[in-house]
Amino acid sequence: MSLRLTNTLTRRTEPFVPLVPGKVSIYCCGVTVYDLCHLGHARSYIVWDVLRRHLLWRGYAVTFVQNFTDIDDKILRRAAEEGSSMEAVSERNIADYFTDMDALNILRADRMPRATLCLDGIRALIGELEAKGAAYSADGDVYFAVMAKADYGKLSGRDLDQQQEGASGRLADEEEARKHHPFDFALWKAAKPGEPSFPSPWGPGRPGWHIECSAMVRQELGDTIDIHLGGADLIFPHHENEIAQSEVASGQPLAHFWLHNGMVNVGGEKMSKSLGNFTTIRALLDSGVSPMTLRLFVLQAHYRKPLDFTAEALEAAASGWKGLNAALDLVARAVDPAASTASASAEVEGALDGFRERFGAALDDDLNTSAALAVLFELARPLRSLAHRLQRGDGTAADEAREPELLARGALLQELAAVLGLIAEALPTGAPAAGGEADVAELEAAIAARRQAKAERDFATADRIREDLRARGIELIDRPGGVTDWIRA
RNA sequence: GGCGGCAUGGCCAAGUGGUAAGGCAGAGGAUUGCAAAUCCUUUACCCCCAGUUCGAAUCUGGGUGCCGCCUCCA
């Protein structure tokens with residue numbers, strides 16, 4: 001079975017066939033860098049990261065391009081608010097983007113163009129559209145004429161005549177007056193006094209939002225690409241307009257596949273800046289949510305469906321990840337990948353191939369990460385069990401007999417988990433985290449006192465010490481052999 | 001008004017014609033001085049109505065409810 005993907009353009013799930021055998025070109029709409037990324041961004045980039053990893057796993061050579069929009073009204077507003085510059089705001093947020101996405105183990109794109117560095121291509125494209133009669137200028141602005149594209153609306157399934165103009169309540173009157181058609185959109189915006197601007201044949205100004213993607217796709221990947229990615233909220237108008245611009249200019253289809261991820265909801269409503277119901281990735285990570293928990297949370301749902309963000313769901317993901325991580329951690333520490341594959345029996349290999357098959361088939365089926373995760377959990381269960389028994393030091397002869405199977409199973413789990421970008425995280429240990437030497441010494445003394453009390457069967461004292469430490473945020477864990485570990489809860 | 005999507009156990013969520021994956025939580029058991037951790041077992045006729053079919057959560061029609069987009073948006 002081969003990869004099938006749901007194409008927004010056709011509204012169907014269709015077999016994926018690349019333009020060039022063995023190679024896949026992908027463009028993913030990136031962020032406007034005026035603020036930290038929130039969970040909605042995390043979902044989008046985690047999901048597309050899995051698409052990319054899966055294609056790589058299947059042996060494709062993938063070229064993945066993602067942009068940064070570093071020219072935008074909101075960036076300018078932010079710069080004005082904080083008394084800095086557009087460049088300063090952009091640079092800071094790009095750095096933060098990498099910090100957050102790296103933490104989530106999202107592979108960096110092969111190339112990440114920025115609007116400010118693609119102005120030549122943007123101006124050239126606008127010039128071409130003007131020459132073809134698909135663009136017109138008005139008071140220093142340049143607009144794309146949607147009537148120039150006969151099939152305008154094909155991606156979002158819209159009939160312009162039946163749209164309710166201004167239904168979103170966000171149209172500016174002055175701008176509307178300059179347009180020939182209500183759905184015409186800006187390719188170039190004249191700079192207002194005092195605003196940063198770039199020179200152009202139409203006067204100083206800056207590019208419209210949609211044109212940068214068209215220019216970047218062409219510059220980095222050519223006229224037609226395999227897959228174009230983005231959030232479902234970009235279908236209209238952003239992607240519709242990209243198609244209009246690019247296809248009028250080149251006469252070729254812009255992308256064969258258009259994939260869109262569903263929104264993250266909070267209380268049944270879309271997470272967004274305007275509603276003020278967003279949670280930044282940074283805030284989640286700072287609050288102690290592990291990056292892998294976030295990945296698991298996102299991947300447990302199908303990418304096209306809405307995903308409700310609740311504290312309960314996040315806790316469930318954290319618990320789930322803990323179990324998976326226990327198995328992965330065991331593998332990372334105990335399995336030597338080089339030695340693990342040779343010894344398993346043919347029967348075991350056959351069984352494991354079954355898991356591999358199911359996992360691959362799940363992802364091939366329009367990225368069914370939920371089903372793929374189920375395979376991971378099934379693979380992990382006996383490994384968790386072994387990890388626990390080894391930890392207690394009561395591994396049995398039967399375990400040893402099964403060792404080749406478990407080693408092979410562990411190696412497979414590691415391989416498949418990596419396709420979902422899930423990698424072992426260090427488990428909490430008794431190692432001192434924050435806190436000075438004196439604190440640790442005092443803690444050790446308390447633990448020693450408790451050990452003494454336990455030896456004398458004075459459990460009241462032992463429990464009081466446990467409670468005292470718990471009140472200070474220290475959790476004691478008794479291990480076999482009289483050893484007591486502690487963690488900061 | 002137009003376009004699109006969703007409705008599966010306490011929660012999250014797969015499954016799109018042959019008698020309901022997985023995760024979380026809960027319950028029972030094992031282990032444990034206590035606690036934590038761990039292991040085992042266990043919990044569903046799939047929003048409503050009608051229809052097609054030998055057979056439907058899965059197809060068709062009609063309802064009901066919720067959500068997204070209609071020039072900020074991942």
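Here is how names work: the chains are called A, B, and so on, in the same order as the sequence lines, proteins then strands, and each is numbered from 1.
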Establish, yes or no, whether a centroid distance under 6.0 Å links the rings of A:Phe64 and A:Trp48.
-> no
Roughly how far apart, to the nearest Å, are B:G4 and B:C45 at atom P?
-> 34 Å
Examine distances only and state if a side-chain atom of A:Glu240 and a backbone atom of A:Ser156 form a donor-acceptor pair shorter than 3.5 Å.
-> yes
From the list B:C73, B:C24, B:G4, which nucleotide is the closest neighbour of the side chain of A:Asp233?
-> B:C73
Hey, does A:Arg466 reach any base, or is it just sugar-phosphate, or nothing, if we go heavy atoms under 4.0 Å?
-> base
Geometric class of the A:Tyr45/A:His41 ring pair [parallel <30°, tilted 30-60°, perpendicular >60°] | parallel
Under 4.0 angstrom, heavy atoms only, what part of the nucleic acid is A:Ile235 near: base, sugar-phosphate, or nothing?
-> nothing
Could you work out which one of B:A21, B:A25, B:A74 sits closest to the side chain of A:Ser319?
-> B:A25
Interatomic distance at C1', B:A21 relative to B:G55, whole Å | 22 Å
May I ask you to say what A:Arg304 touches in the nucleic acid, namely base, sugar-phosphate or nothing, with a heavy-atom cut-off under 4.0 Å?
-> nothing
Please state whether the phosphate of B:C70, meaning OP1 or OP2, lies under 4.0 angstrom from any side-chain nitrogen or oxygen of A:Ser156.
-> no
Given the options A:Val298, A:Asn277, A:Asn265, A:Leu39, A:Phe309 meets side chain to side chain contact (heavy atoms under 4.5 Å, CB included) only with A:Leu39
Reckon A:Arg384 has a side-chain N or O less than 4.0 Å from the OP1 or OP2 of B:C39?
-> yes
Rounded off to whole Å, could you give me the CG-to-C1' distance for the A:Asp468 and B:A35 pair?
-> 15 Å
Tell which nucleotide pairs with B:U53, taking only Watson-Crick or G-U wobble pairs whose two distances are both under 3.5 angstrom.
-> none
Is the phosphate of B:C73, meaning OP1 or OP2, less than 4.0 Å from a side-chain N or O of A:Trp209?
-> yes
Interatomic distance, A:Trp258 CH2 vs B:A74 P [rounded to whole Å] | 15 Å
Between B:A13 and B:C24, how far apart are the C1' atoms? Round to whole Å, please.
-> 11 Å
Please determine, for B:G17, whether a Watson-Crick or G-U wobble partner exists with both distances under 3.5 Å, and give it or none.
-> none
Could you list the residues that satisfy salt bridge (charged side-chain N to carboxylate O under 4.0 Å, His left out) with A:Glu315, not counting sequence neighbours?
-> none
Can you tell which of B:G22, B:G4, B:C73 lies closest to the side chain of A:Ala374?
-> B:G22
Interatomic distance where CD belongs to A:Glu176 and P belongs to B:C70 [whole Å] = 14 Å
Centroid-centroid distance, A:His180 to A:Tyr136, less than 6.0 Å = yes
Grab the CD-P distance between A:Glu269 and B:G5 for me, whole Å please.
-> 22 Å
Let me have the donor-acceptor pairs involving side chains of residues 140-149 of chain A, under 3.5 Å, with sequence neighbours excluded, atom names and distances please.
unit_1   : atom_1 : unit_2   : atom_2 : d
A:Asp141 : OD1    : A:Ala190 : N      : 2.9
A:Asp141 : OD2    : A:Tyr143 : OH     : 2.8
A:Asp141 : OD2    : A:Arg178 : NE     : 3.0
A:Asp141 : OD2    : A:Arg178 : NH2    : 3.1
A:Lys149 : NZ     : A:Asp151 : OD1    : 2.4
A:Lys149 : NZ     : A:Asp151 : OD2    : 3.3
A:Lys149 : NZ     : A:Glu247 : OE1    : 3.1

On RNA chain B, check which nucleotide each of A:Thr310 and A:Trp321 is closest to and give me the residue with the more 5' one.
-> A:Thr310
Nearest-angstrom distance from the residue atom CZ of A:Arg77 to C1' of B:C73 | 13 Å
Looking at the side chain of A:Phe236, which of B:C73, B:C69, B:A37 is the nearest nucleotide?
-> B:C69
For A:Val264, which contact category applies under a 4.0 Å heavy-atom criterion: base, sugar-phosphate, or nothing?
-> base
Would you indicate, yes or no, if B:A21 has its OP1 or OP2 atom less than 4.0 angstrom from a side-chain nitrogen or oxygen of A:Arg381?
-> no
When rounded to the nearest Å, what value does the distance between P atoms of B:A25 and B:C40 take?
-> 15 Å
Would you mind pulling out the nucleotide paired to B:C73, Watson-Crick or G-U wobble, both distances under 3.5 Å?
-> none
From the list B:G2, B:A21, B:G23, which nucleotide is the closest neighbour of the side chain of A:Arg158?
-> B:G2
Can you give me the N/O atom pairs linking the protein to nucleotides 13-16 of chain B at distances under 3.5 Å, or say none if there are none?
unit_1 : atom_1 : unit_2   : atom_2 : d
B:A13  : O2'    : A:Gln300 : O      : 3.4
B:A13  : O2'    : A:Ser370 : OG     : 2.7
B:A14  : OP1    : A:His302 : N      : 2.7
B:A14  : OP2    : A:Lys305 : NZ     : 3.2
B:A14  : O3'    : A:Asn368 : ND2    : 2.8
B:A14  : O2'    : A:Asn368 : ND2    : 3.3
B:G15  : OP1    : A:Asn368 : ND2    : 3.1

Toward the 5' end of RNA chain B, which comes first, A:Gly230 or A:Phe459, by nearest nucleotide?
-> A:Phe459
Has the side chain of A:Lys270 got a donor or acceptor that lies under 3.5 Å from a partner of the other kind on the base of B:C73?
-> yes
With both distances under 3.5 angstrom, what nucleotide forms a Watson-Crick or G-U wobble pair with B:G33?
-> none
Contact class for A:Gly30 vs. all strands (heavy atom < 4.0 Å): base, sugar-phosphate, or nothing?
-> sugar-phosphate
Scanning all shown strands, the Watson-Crick or wobble mate of B:C24 with both distances under 3.5 Å is B:G10
Under 3.5 Å, side chain of A:Arg466 to main-chain N/O of A:Leu476, donor-acceptor pair present?
-> yes
Value in whole Å for how far the P atom of B:G4 lies from CZ of A:Arg12 = 14 Å
Pick the P atom in B:A27 and in B:G65, then give their distance to the nearest Å.
-> 37 Å
Taking any strand in view, what nucleotide pairs with B:C46 in a Watson-Crick or G-U wobble way, both distances under 3.5 Å?
-> none
Calculate the interatomic distance between A:Leu324 atom CG and B:U38 atom P; express it in whole Å.
-> 13 Å
Just to confirm, is there a sub-4.0 Å distance from OP1 or OP2 of B:C34 to any side-chain nitrogen or oxygen of A:Lys454?
-> no
Decide, yes or no, whether a salt bridge links A:Asp96 with A:Arg282 under the criterion of side-chain N to carboxylate O below 4.0 Å.
-> yes
May I ask you to check if A:Arg43 and A:Tyr303 form a cation-pi contact, with NZ or CZ under 6.0 angstrom from the six-membered ring centre and within 45° of the axis?
-> no
Could you check whether A:Phe297 gets within reach of a base, just the sugar-phosphate, or nothing at all, counting any heavy atom under 4.0 Å?
-> nothing
B:G22 base stacked by A:Phe377 (centroids within less than 5.5 Å, tilt under 30°) = no
Which value, in whole Å, describes the distance between the C1' atoms of nucleotides B:C54 and B:C39?
-> 45 Å
Identified pairing partner of B:C66, criterion: Watson-Crick or G-U wobble below 3.5 Å = B:G5
Considering only the P atoms, how many Å lie between B:U64 and B:G10, rounded to the nearest integer?
-> 26 Å
A:Glu315 near the nucleic acid: base, sugar-phosphate alone, or nothing, with a heavy-atom cut-off under 4.0 Å?
-> nothing
Are A:His239 and A:His260 near enough that their ring centres are under 6.0 Å apart?
-> yes
Interatomic distance at C1', B:G68 relative to B:C73, whole Å = 12 Å
